[in-house]
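Notes follow once the structure below has been shown.
Whatever order the structure lists them in is the order used to number ligands and atoms, beginning at 1. Given the structure is predicted, the values throughout are model-derived calculations rather than measurements.
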Amino acid sequence: MRVLLVGGGGREHALALGLAGDPAVEALFAAPGNPGIAAVAELREVTLTDPAAVAALAVEVAADLVVIGPEAPLVAGVADAVRAKGIAVFGPSGEAARLEGSKTFAKDVMTAAAVPTARAYTCEDAAAVGGALDEFGAPYVVKDDGLAAGKGVVVTDDRAVAERHAAECGRVVIEEYLSGPEVSLFVVTDGEAAVPLLPAQDFKRVGDGDTGPNTGGMGAYTPLPWAPPNLVDDVMRDVVHPTLAELRRRGAPFAGLLYVGLAITPSGPRVIEFNARFGDPETQVVLALLETPLAGLLHAAATGTLSGHPPLRWRDGAAVTVVVAADGYPAGPRTGDVITGADRAGIIHAGTRRDADGTLRSAGGRVLCGTATGPDLAAARDAAYALVRDVELAGSHHRTDIAAAAVDGRVTIPG
Ligand code: AMP
C-alpha cells in the first residue's frame, strides 16, 4: 500500500510512526510533514487547505490511501477532492466535517439524535449573549462558532471576560457548564460500522492544576484507570451510533475519525465537543498502545469495509505524553530557538524545523512531546518525563502534573 499523510504536527508524527510500522505499507509520503516525520516518510510540499493540490499530489505519488490529519483541510473539502480521483481517503467530507467546523451544526445534529450534551444557545448579539449567560450562570462557557484550534473556548467565572470573548468572536455558542473529568474517545468509522479506540485524557489548560488559558493540549495518557467499566459501550450506544445515523439521514455520512470529547458528569457522560479527526496529543498515547496495523484499519474505514476488519489488539500497560511548549505559548509563542536532546525515540515532533546544517529549531507553539509506554501508568509517566528532561529549548515550559492525579487515584466523578 502507498500512503500519503497530510499534515505536519505531533499527531501526524504519531500517525506516521504507526503507518510506517504497518508491514502492508510499501511507501509513505507526508505533506508537509516535519523533521520527525522525515525519518520515516518522504516529505512533499503542499498547501494543506487546497483540495485540488492535495488531490493532484495523491495522484502523483500513486497513493492507495490518503490520511488527513488536521481539521482545516477536512473542512476545506480535501477529502472530497481526493475521493473524486478514485483514491481511498481516511477523513470525512467537508459536509460531515462541519461536525467540528461549526459548533452550531454539531449541536443541531446532537439535538436531532438525542445525544446527551450541554444545553446551549447560538448568539450573535450582546442582548442574546447576556440572556444566555443569565440563564446558565457561572462558570460561563463561551465558544467561538468556527474552527479555533482548541483555543476559541473560554470557561470563566468572570462575567466581563465571558462578555468580552463573545464580543470578539461575533457568533458564539454559550452553554451550560459540565462538571466532571474529561475523556477523549476516538472512533474509527466508515460511516456505519464504528470501532472505538482506547479512551484517553488530555490536559487543555496551560498550567499545572488546570490553571491558565486553554491550549491545543499539553499532555495525555491512556488507559483511564478511573473510568466506569461500561463507559465506552455506553458512549457507542448513546452518542456514536445515533450521531452516525443522523449524519447518514442528512446525506452526509461521516467516514474517518470521530473524536468524542466527553465530560463524565454525575448524570453520566455528556458530549463537550466533536472533532472530525484524531486529537493531538491523545493520538500519541493511543497509537503507542495500538498493536493492530494502522494502515489496514484506516484503509478499511476509507473503503467501507470496517465491519469485516478483525477486532483491535492492544499492548498491555499504559502510555503518557508530555508536551514541551515554546516560550510565550499559548498567547504569543516565540519560534526559532535551538533544540537539543530531541533526536531520540519517543520524542514526537510537533512544531520543529531543521536548518540545512542539521540544527533543530522551534517552529510552533507546541514544539514536541515526550511519549513513553510502561507496564503501568506510573512507569509510563516517569519514562515520558525522563524524555522531556533531556530536551533543551530556551524558555520552554511543560506541565509537571500530566497523569499525576490518575496515578495517585485522585480522579473522581462528582456527585
Ligand atoms: P472544546 O473546544 O469545545 O473542546 O472546549 C475546550 C475545553 O473547554 C474543553 O476541553 C473543556 O475543558 C472546556 N469546556 C468546553 N465546553 C465545556 C462545558 N460545557 N463545560 C465545562 N467545560 C467545557
- prompt: Hey, are the side chains of Leu393 and Val367 touching, using non-hydrogen atoms and a 4.5 Å cut-off?
  reply: yes
query: Looking at Glu182, which atoms of ligand 1 are within less than 4.0 Å of one of its heavy atoms?
result: 9 (C), 10 (O), 11 (C), 12 (O)
- prompt: Of all the atoms in ligand 1, which lie at a distance below 4.0 Å from a heavy atom belonging to Glu175?
  reply: 16 (N), 17 (C), 18 (C), 19 (N)
- prompt: Backbone, side chain, both or neither: what part of Lys143 comes under 4.0 angstrom of ligand 1, heavy atoms only?
  reply: side chain
message: Within the 4.5 Å heavy-atom criterion, are Phe254 and Leu99 side-chain neighbours or not?
response: yes
- line: A student checking ligand 1 against Val153 at a 4.0 Å heavy-atom cut-off should list atoms 1 (P), 2 (O), 3 (O), 5 (O), 6 (C), 8 (O), 15 (C)
- prompt: Side-chain contact, heavy-atom cut-off 4.5 Å: Phe274 with Thr243?
  reply: yes
query: Which of the numbered atoms in ligand 1 are below 4.0 angstrom from a heavy atom of Tyr177?
result: 20 (N), 21 (C)
message: Strictly below 4.0 Å, N to O, side chains only: are Asp401 and Arg381 in salt-bridge contact?
response: no
query: Ignoring hydrogens and geometry, is there a side-chain-to-backbone donor-acceptor pair from Thr412 to Pro414 under 3.5 Å?
result: no
- request: Please examine the side chains of Pro181 and Trp226, heavy atoms only from C-beta on, and report whether any two atoms are closer than 4.5 Å.
  value: yes
Cation-aromatic face contact Arg11/Phe278, 6.0 Å, 45 degrees: no
message: Is Arg205 close enough to touch ligand 1? Criterion: a residue heavy atom under 4.0 Å from a ligand atom.
response: no
- request: Determine whether any heavy atom of Arg270 lies closer than 4.0 Å to an atom of ligand 1.
  value: no
task: Return yes or no for this condition: an N or O of Glu273 is under 3.5 Å from an N or O of ligand 1.
output: yes
- prompt: Hey, is Leu178 touching ligand 1 through its side chain, its backbone, both or neither, going by heavy atoms under 4.0 Å?
  reply: both
query: Considering only heavy atoms of Lys103, which atoms of ligand 1 have at least one such atom less than 4.0 Å away?
result: 1 (P), 2 (O), 3 (O)
